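These numbers were taken from a predicted model, which means no experiment stands behind them. Counting convention: from 1, in listed order, for ligands and their atoms alike.
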Amino acid sequence: MSRILIVEDSLRVAAFLEKGLRANGYTPTIVDNGNDAIATALSDQFDLMILDLGLPTMDGLTVLDALRGQGIAIAIIILSARHEVNDKVAGFERGADDYLTKPFRFEELLMRIRVRLRDARKIQAELSTAAYLVDFRGIELDLRSRDVRVDGQAVKLSAREFILAETFLRHPGQILSREQLLDHVWGYDYDPGSNIVDVYVGYLRKKLGHHLIETVRGMGYRLKYE
Ligand code: CA
């Protein structure tokens, strides 16, 4: 359930917004001045702010400056009687995501809120995907699905190949010895005389690119990084 902060000094407008938002499944909170708006938004528990500009003691634009200046990324829709182009430009330039003029139709505000919150969800989804992706120069490993792409083309890796590739991609430019790779990928006391690491590096070169992993004589292997 999305939490919406209403910053509005007109009791009538604030009550109207609160009632409408609640009826549409949102959880609204009202503050009637800039200082409370900043303090409440900083608590970081809101998904979106509806911001009036004409507020007592502190203008809505100053609230915008304060929040964006502190890196607060909450979605902000300005809802103001100021309808000049200059006012809108000022609002957008100072970090508002949208601008609706009073008088307004509640349906239009609702639609704009939905658009903003959908954006925020999409960004959230992209961020959480990023946490599962290891990528390096066109090679992408998805740690959840185990999908591998090279320049956008799907490539199949076995489980061992995948772990070996991930190990290299996480240590670009670093020399990894055969023993380190054996230990990390095979995870048990493999015969150190075995050439399994060399064999698998060969597989990866075939599947991911011949020049990706270089041999450092007498030391091991390294993901090229220059
Ligand atoms: Ca006002």
Side-chain angles (χ1 to χ4, degrees), residues 1-135 140 142-145:
M1 190 175 311
S2 298
R3 298 197 55 187
I4 298 181
L5 183 58
I6 301 167
V7 185
E8 175 63 67
D9 63 322
S10 155
L11 283 179
R12 191 180 57 79
V13 176
F16 173 71
L17 287 172
E18 184 186 32
K19 192 166 159 232
L21 291 173
R22 228 179 258 294
N24 283 278
Y26 296 107
T27 309
T29 297
I30 300 172
V31 296
D32 64 2
N33 66 81
N35 283 321
D36 286 352
I38 293 167
T40 311
L42 285 176
S43 76
D44 205 23
Q45 287 166 4
F46 292 87
D47 304 296
L48 185 140
M49 173 189 281
I50 298 170
L51 178 63
D52 183 23
L53 292 183
L55 294 167
T57 68
M58 185 191 288
D59 191 86
L61 291 176
T62 311
V63 173
L64 259 182
D65 284 342
L67 291 177
R68 296 311 193 211
Q70 295 189 60
I72 302 297
I74 183 174
I76 298 178
I77 299 177
I78 292 177
L79 182 60
S80 171
R82 297 180 199 167
H83 60 273
E84 300 293 335
V85 170
N86 285 347
D87 297 317
K88 295 187 181 178
V89 168
F92 282 114
E93 275 183 351
R94 290 157 92 155
D97 297 290
D98 203 349
Y99 196 115
L100 187 60
T101 49
K102 294 172 182 166
F104 65 101
R105 288 181 55 100
F106 187 76
E107 289 72 22
E108 183 173 4
L109 176 66
L110 198 58
M111 183 198 71
R112 289 171 186 242
I113 288 171
R114 286 188 177 135
V115 168
R116 283 299 137 206
L117 291 177
R118 197 163 58 217
D119 279 356
R121 271 202 304 275
K122 216 159 69 192
I123 292 163
Q124 199 59 45
E126 278 165 13
L127 283 176
S128 62
T129 302
Y132 292 105
L133 270 188
V134 180
D135 76 79
E140 286 186 1
D142 186 320
L143 302 183
R144 279 178 306 185
S145 64

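Contact annotation: the side chain of Asp142 approaches that of Leu133 to within less than 4.5 Å [non-hydrogen atoms, C-beta and beyond].
Note on Asp97 versus Arg68: salt bridge recorded, some NZ/NE/NH1/NH2 to OD/OE distance being below 4.0 Å.
Metal site remark for the Ca ion (ligand 1): Glu8 contributes no N, O or S atom at a distance under 3.0 Å. Not a single N, O or S atom of Val13, from either the backbone or the side chain, sits less than 3.0 Å from the Ca ion (ligand 1).
Of all the N, O or S atoms in Asp52, the one closest to the Ca ion (ligand 1) is OD2. Shortest distance from the Ca ion (ligand 1) to Asp9 is reached at OD1 (N/O/S atoms only).
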Q.
Could you go through Leu55 and Thr62, starting from their C-alpha distance and side-chain angles, then the distance that decides it, and tell me whether this counts as side chain to side chain contact (heavy atoms under 4.5 Å, CB included)?
A. CA-CA 10 Å; Leu55 294 167; Thr62 311; over 6 Å; no
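Other residues, nucleotides and ligands contribute only 12 or fewer heavy atoms inside 6.0 Å of the NZ atom of Lys19.
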